[in-house]
Amino acid sequence: MQLIQQTPDLSAYLAADEAIDHHHALVRETAARLAEGVADSYEYAWAAFEFVRDTIPHSQDSGDLRVTWRASDVLEQRTGICYAKAHALAALLRAEDIPTALCYQKLDVVHGLVAVRFNGAWHRQDPRGNKPGVDAQFSLAGERLAFTPDPASGESDFSCLHAAPHPAVLGVLKAAHDRPQLWRTLPTAL
């Protein structure tokens with residue numbers, strides 16, 4: 001699949017916004033801790049991916065009722081759904097000047113993930129969190145995502161690389177009082 005930048009300006013994929021608040025002290029502290037002892041930006045990106053995937057439970061899997069959407073809140077509260085975890089990973093990567101985009105898949109609902117730019121190309125990564133039947137891995141040599149869309153079931157990948165969270169995603173996250181309410185309002189299209 002050909003990934004298409006929403007904007008040609010690569011600096012947009014390094015910017016902070018209200019959800020990807022990589023200037024927040026907690027994001028900076030976490031990024032600095034993850035950067036200790038890594039040899040290069042690739043090792044840092046891998047470490048940040050595994051940190052978000054493995055130490056921040058997906059709230060549906062853990063049963064956590066809280067809804068987070070801002071990267072700093074995801075890191076502080078240690079919970080989030082796929083979109084929130086993607087925001088946290090994007091913030092950690094952008095904090096270390098690694099261009100990072102938000103991207104989405106159409107499953108039964110819209111699923112969120114990220115793409116990182118290395119060696120002149122974008123590579124999608126899915127920090128959702130592993131569980132039985134889900135084995136997402138950090139890879140630049142081929143996608144190892146949590147889910148593979150089934151076109152026969154109407155599922156698909158969106159090719160657009162967003163510099164900021166899609167408004168449909170951010171809107172439902174910000175409006176939800178708890179995860180059950182969020183689950184009832186997840187977008188099914190962008």
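Computed over heavy atoms, backbone and side chain alike; hydrogens, waters and symmetry mates excluded.
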Verify side chain to side chain contact (heavy atoms under 4.5 Å, CB included) between Ile4 and Gln2, making sure each step is shown before the conclusion. CA-CA 6 Å; Ile4 302 165; Gln2 172 91 20; 4.2 Å; yes
I'd like to check the side-chain contact (heavy atoms from CB on, under 4.5 Å) partners of Ala15; sequence neighbours left out, ordered by chain and number. none
Would you kindly confirm whether [X] and [Y] end up in one hydrophobic cluster when ILVMFWY residues are joined by side chain heavy atoms under 4.5 Å apart?
X	Y	answer
Leu14	Leu92	no
Leu140	Leu10	no
Leu170	Phe158	yes
Ile98	Phe51	yes
Tyr44	Val114	yes

Is there a side-chain contact between [X] and [Y] in this structure, where contact means two heavy atoms from C-beta onward sitting under 4.5 Å apart?
X	Y	answer
Pro187	Tyr83	yes
Leu65	Pro180	yes
Glu29	Leu75	no
Asp150	Glu155	yes
Asp178	Trp183	no
Lys174	Glu18	yes
Thr7	Tyr13	yes
Leu186	Val110	no

Nearest-0.5 Å distance, [atom1] of residue [X] to [atom2] of residue [Y]:
X	Y	atom1	atom2	answer
Leu89	Leu113	CG	CG	10.0 Å
Arg33	Thr30	CZ	OG1	4.5 Å
Arg128	Lys85	CZ	NZ	7.5 Å
Cys103	His166	SG	NE2	13.0 Å
Ser139	Leu145	OG	CG	9.0 Å
Trp69	Asp21	CH2	CG	8.0 Å

Taking side chain to side chain donor-acceptor pair (under 3.5 Å) as the definition, give me every residue that meets it alongside Arg66, ordered by chain and number, with sequence neighbours left out. Asp64
Do you know which two heavy atoms are closest between [X] and [Y], and how far apart they sit?
X	Y	result
Leu161	Ala101	CB-CB, 3.7 Å
Cys160	Gln6	SG-CB, 3.8 Å
His87	Leu173	CE1-CD1, 3.9 Å
Asp17	Ala164	OD2-CB, 3.5 Å
Ala136	Ala146	CB-N, 3.7 Å
Ala84	Thr68	CB-O, 3.2 Å

Sub-3.5 Å donor-acceptor pair from the side chain of [X] to the main-chain atoms of [Y], do we have one?
X	Y	answer
Glu43	Ala39	yes
Glu50	Trp46	no
Thr185	Leu182	yes
Ser59	Thr79	no
Ser156	Gly154	no

Does anything in residues 103-123 form a side-chain hydrogen bond (donor to acceptor under 3.5 Å, both in side chains)? List the pairs, not counting sequence neighbours. Gln5-Trp122, Gln105-Asp157, His111-Asp126
Any salt bridge between Arg28 and Glu96, counting N to O under 4.0 Å? no
Derivation and outcome, side chain to side chain contact (heavy atoms under 4.5 Å, CB included), residues Phe147 and Leu107: CA-CA 9 Å; Phe147 306 108; Leu107 304 172; 3.7 Å; yes
Using the side chain to side chain donor-acceptor pair (under 3.5 Å) definition, which of the options Gln137, Arg124, Gln125 pairs with Glu143? Arg124
Any chance the rings of Tyr42 and Phe138 have centres within less than 6.0 Å? yes
